Amino acid sequence: MHDLTLTAPGSGSTCTIAVDCGFNCYAFTAHVGGQTVDVIAAEDQFVNDRIKPSHSGIPLLAPFPNRIRDGKFTFDGRDYVLDPDVVGFNTTNAIHGFAIDKPWRVTEQSEDSATGQFQLSVDAPERLSSWPADFLIEVKYFLTGATLRADVRIANPDDKPLPFGFGTHAYFQLPLTQKGSPATAIVQSPAAARWLLEDGLPTGETEPVDGKPGYDLRGGVPFADLSLDDVFTDVSTDDGVLKTVIREPESGFRIEQRTDDSFREIVGFTPPWCDAVCLEPYTCTTDAINLAARGIDGGLRVLGPGEEWRGWFEIEVD
């Protein structure tokens, strides 16, 4: 196993990244006002044995987040059938991309920052035929005070068009401090609509969340009232910044997750195996590549040869 730990000068906040398994930042301990907050939940089986990387830390999902129906899609006139012996599947659907469980390469490192790269043709060549084009993803993590930030770059090094989506899947641990409890934590997200799902996959239709208990998170909802595995959309931003918040009333601590506005969906998930909540910013919805083939805008992006996309996300404790 290859772990890398970063430390923020001055505050002593730390994070730990599993370089050998998806460049997954599976621990983030923030020091604020003389108190310690363990922000991210991770299972022992991942920390010790790298089992089920999608269940812990901050999985990085590319070139597609969440599911592709039956592991099949058509792009640029060609049919693709993904092999479950090569690509991760959840029951019958391909899930969470090609970089989540593979070693990445560290290209730059300092006390408070580290940059990792994954290129499909270099780091998982057995998966190259499963996607229309090669791709490179580069993530730079750095710590400042009680803030963990990641700058993300996805590039097309191929001579063919690259369809892609990107998402993160942070498991925010509850409670935030010993004063709090999971049940009373307030979960807030600025989405005005959700995708209608069948078997976890979008039908292509959306509906407003107005008046729907457990779905309208804009004003904040107690964790005890949530049972989520949903894709939300129609998000509002503040000066181009998308914000989600988890707040602990007993201690006054909160976690604010921020992204740039190229992230247009938020998956809400309450995992049954731990006290945590996931508010997952995606650049596209689940199964966006198949929705695009039906003429439905699910946020799928396409990079031409030599083109790249850049985005960012950050997590702050205050």
Side-chain angles (χ1 to χ4, degrees), residues 15-18 21-29 37-61 64-67 88-97 99-101 148 166-177 180-189 191 194-195 197 199-202 209 213-215 217 220-232 244-248 253-257 259 263 265-282 285-287 313 315 317:
C15 72
T16 303
I17 301 166
C21 196
F23 211 61
N24 184 326
C25 181
Y26 68 82
F28 171 30
T29 300
V37 179
D38 289 321
V39 180
I40 302 297
E43 295 184 306
D44 289 342
Q45 63 179 350
F46 176 77
V47 175
N48 298 325
D49 301 307
R50 302 305 196 232
I51 295 173
K52 293 185 178 180
S54 65
H55 282 204
S56 296
I58 309 177
L60 302 172
L61 315 178
F64 63 93
N66 219 299
R67 298 160 176 80
F89 267 66
N90 181 351
T91 61
T92 61
N93 304 308
I95 191 165
H96 290 339
I100 188 174
D101 59 344
L148 173 67
F166 173 73
T168 75
H169 194 330
Y171 286 81
F172 294 109
Q173 183 165 274
L174 299 175
L176 305 186
T177 70
S181 71
T184 57
I186 303 299
V187 180
Q188 190 169 357
S189 176
R194 68 184 185 111
W195 289 88
L197 306 180
D199 299 324
L201 294 155
V209 297
Y215 292 118
L217 309 183
V221 176
F223 178 74
D225 296 339
L226 296 178
S227 179
L228 295 173
D229 193 358
D230 295 271
V231 187
F232 296 92
T244 62
V245 174
I246 300 165
R247 180 168 49 85
E248 186 173 83
F253 274 89
R254 69 174 198 155
I255 297 170
E256 184 172 271
Q257 179 180 231
T259 74
F263 292 84
E265 264 75 29
I266 299 169
V267 170
F269 179 48
T270 49
W273 56 83
C274 65
D275 285 329
V277 61
C278 302
L279 296 171
E280 311 166 36
Y282 288 4
T285 188
T286 301
D287 203 29
F313 67 93
I315 299 166
V317 181

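Bear in mind the structure is a predicted one, so any value in this text is a computation, not a measurement.
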Contacts of Gln173 meeting side-chain hydrogen bond (donor to acceptor under 3.5 Å, both in side chains) (sequence neighbours excluded), chain-then-number -> none
Measure the spacing between OG1 of Thr244 and CZ of Phe263 and express it to the nearest 0.5 Å.
11.5 Å
Exercise: identify the closest heavy-atom pair between Ala191 and Phe232
CB-CB, 3.5 Å
CZ of Phe313 to CD1 of Ile58: how many Å apart, nearest 0.5 Å?
5.5 Å
Quick one, Val37 and Phe253 - any side-chain contact, counting heavy atoms below 4.5 Å?
yes
For Glu248 and Pro175, work out which heavy atoms get closest and say how close.
OE2-CB, 3.4 Å
Would you compute the distance between atom CG of Leu148 and atom CD1 of Ile255 and round it to the nearest 0.5 angstrom?
11.0 Å
How long is the gap from OG on Ser189 to CD1 on Ile266, to the nearest 0.5 Å?
3.5 Å
Spell out, as yes or no, whether a donor-acceptor pair under 3.5 Å connects the side chain of Asp101 to the backbone of Cys21.
no
Can you tell me how far apart CG (Leu61) and OG1 (Thr168) are? Round to the nearest 0.5 Å.
7.0 Å
Tell me every residue that passes side-chain hydrogen bond (donor to acceptor under 3.5 Å, both in side chains) with Thr92, counting only those two or more places apart in sequence or in another chain.
none
Do Phe172 and Val39 touch side chain to side chain, with heavy atoms closer than 4.5 Å?
yes
Rounded distance [0.5 Å steps], CZ in Phe64 versus OH in Tyr282
10.5 Å
Which residue in the set Leu226, Val187, Ile186 passes side-chain contact (heavy atoms from CB on, under 4.5 Å) when paired with Val221?
Leu226
Would you say Thr184 and Pro222 make side-chain contact, with heavy atoms under 4.5 Å?
no
Criterion side chain to side chain contact (heavy atoms under 4.5 Å, CB included) on Leu197 and Thr286, from CA distance to verdict
CA-CA 10 Å; Leu197 306 180; Thr286 301; 5.8 Å; no
His55 vs Trp273 aromatic rings, parallel, tilted or perpendicular, using cut-offs 30° and 60°?
parallel
Is there a side-chain contact between Leu176 and Val317, using heavy atoms and a 4.5 Å cut-off?
no
Ignoring hydrogens and angles, tell me if any N or O in the side chain of Thr270 forms a donor-acceptor pair with the backbone of Leu228 under 3.5 Å.
yes
Keeping to residues at least two apart or across chains, list the salt bridge (charged side-chain N to carboxylate O under 4.0 Å, His left out) pairs with something in residues 269-281.
none
Nearest heavy-atom contact between Phe223 and Pro182 is CB-O, 3.1 Å
Who passes salt bridge (charged side-chain N to carboxylate O under 4.0 Å, His left out) against Arg247, sequence neighbours left out?
none
Measure across Pro202 and Thr285 and return the closest heavy-atom pair with its distance rounded to 0.1 Å.
CG-OG1, 3.7 Å
Residue set satisfying side-chain contact (heavy atoms from CB on, under 4.5 Å) with Asp49, at least two apart, ordered chain then number -> Ile51
Minimum heavy-atom distance between Ser54 and His169, given as atom pair plus value:
O-NE2, 4.1 Å
For Tyr26 and Phe46, take the angle between the two ring planes, folded into 0 to 90°, and tell me which bin it lands in: parallel under 30, tilted 30 to 60, perpendicular over 60.
perpendicular
Partner residues of Arg254 under the salt bridge (charged side-chain N to carboxylate O under 4.0 Å, His left out) criterion, sequence neighbours left out:
Glu256, Asp318
Atom CG of residue position Asp225 - does it have more than 12 heavy atoms of other residues, nucleotides or ligands inside 6.0 Å?
yes
From the options Thr91, Asp287, Ile95, select the one residue that forms a side-chain contact (heavy atoms from CB on, under 4.5 Å) with Arg67.
Ile95
Minimum heavy-atom separation for Pro59 and Ile100, please, with both atom names.
CB-CD1, 3.8 Å
